[in-house]
Amino acid sequence: YGLQPAIVEEAFFRGLALDWFRTVTTTRAALIISSAMFGLCHIYAPVSVPYLITAGIVFGAARCLLEACYSVSVGNYCGVFIRPPLLSVP
C-alpha cells in the first residue's frame with residue numbers, strides 16, 4: 001500500500017481512460033466503462049470488485065464535475081486505509 005498506486009490509478013483510469021472514452025462516447029458511458037475497468041483490474045479480490053466499481057463511478061463523477069484528475073487521488077488513497085471490514089481481503 002502506498003501513494004504511488006493511487007496516483008497511477010487516478011492518472012490512468014480517471015485521466016487517460018476516462019478522457020479517451022469521453023471522446024468516443026457519452027460521458028455516462030465513459031464513466032461506466034472506465035469504472036468497470038478499474039474494478040476488474042482488482043479481480044484478485046473478487047468480493048471487492050462491486051465496491052471498487054462503485055468507487056470508480058464516484059471518483060470518476062467527481063473528476064468529471066471538477067475537471068481535475070488528481071484532486072480525487074486523495075479519496076482513492078484514503079480508501080486504501082479506510083476499507084469496509086467485510087470487503088477486506090487478507
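Please read all numbers here as calculations on a predicted model, not as lab measurements. In what follows, residues are counted from 1 in the order of the sequence shown.
- Under a hydrophobic clustering in which Ile, Leu, Val, Met, Phe, Trp and Tyr are joined whenever their side-chain heavy atoms come within less than 4.5 Å, directly or via other members, Ile43 and Ile53 fall into the same cluster.
- If you chain together hydrophobic residues whose side chains sit under 4.5 Å apart, Phe59 and Val49 never meet in one group.
- Taking the six-membered ring for Trp and thresholds of 30 and 60 degrees, His42 and Phe38 have ring planes more than 60 degrees apart, a perpendicular arrangement.
- Ile57 and Leu40 fall within the same hydrophobic cluster, defined by Ile, Leu, Val, Met, Phe, Trp and Tyr side-chain heavy atoms under 4.5 Å apart, directly or through other members.
- Between Ala17 and Met37 the shortest heavy-atom distance is CB-CE, 4.3 Å.
- For Phe21, the ring pair (Phe, Tyr, Trp, His ring centres under 6.0 Å) test picks out no residue, with sequence neighbours left out.
- Closest heavy-atom contact between Pro50 and Pro46: CD-O, 3.8 Å.
- Cys64 and Thr27 get closest at one heavy-atom pair: SG-CG2, 3.8 Å.
- Within the cation-pi definition used here (under 6.0 Å to the ring centroid, within 45° of the axis), Arg63 does not qualify as a partner of Phe13.
- No side-chain donor-acceptor contact under 3.5 Å links Ser48 to the backbone of Tyr51.
- Thr25 places no side-chain N or O within 3.5 Å of a backbone atom of Arg22 that could act as its donor or acceptor partner.
- The backbone N or O of Leu18 lies less than 3.5 Å from no partner atom in the side chain of Ser34, so there is not a single donor-acceptor pair.
- The CZ atom of Phe12 sits 11.5 Å away from the CG atom of Asp19 when rounded to the nearest 0.5 Å.
- Note that CD of Glu10 is 12.0 Å distant from CG of Leu16, once rounded to the nearest 0.5 Å.
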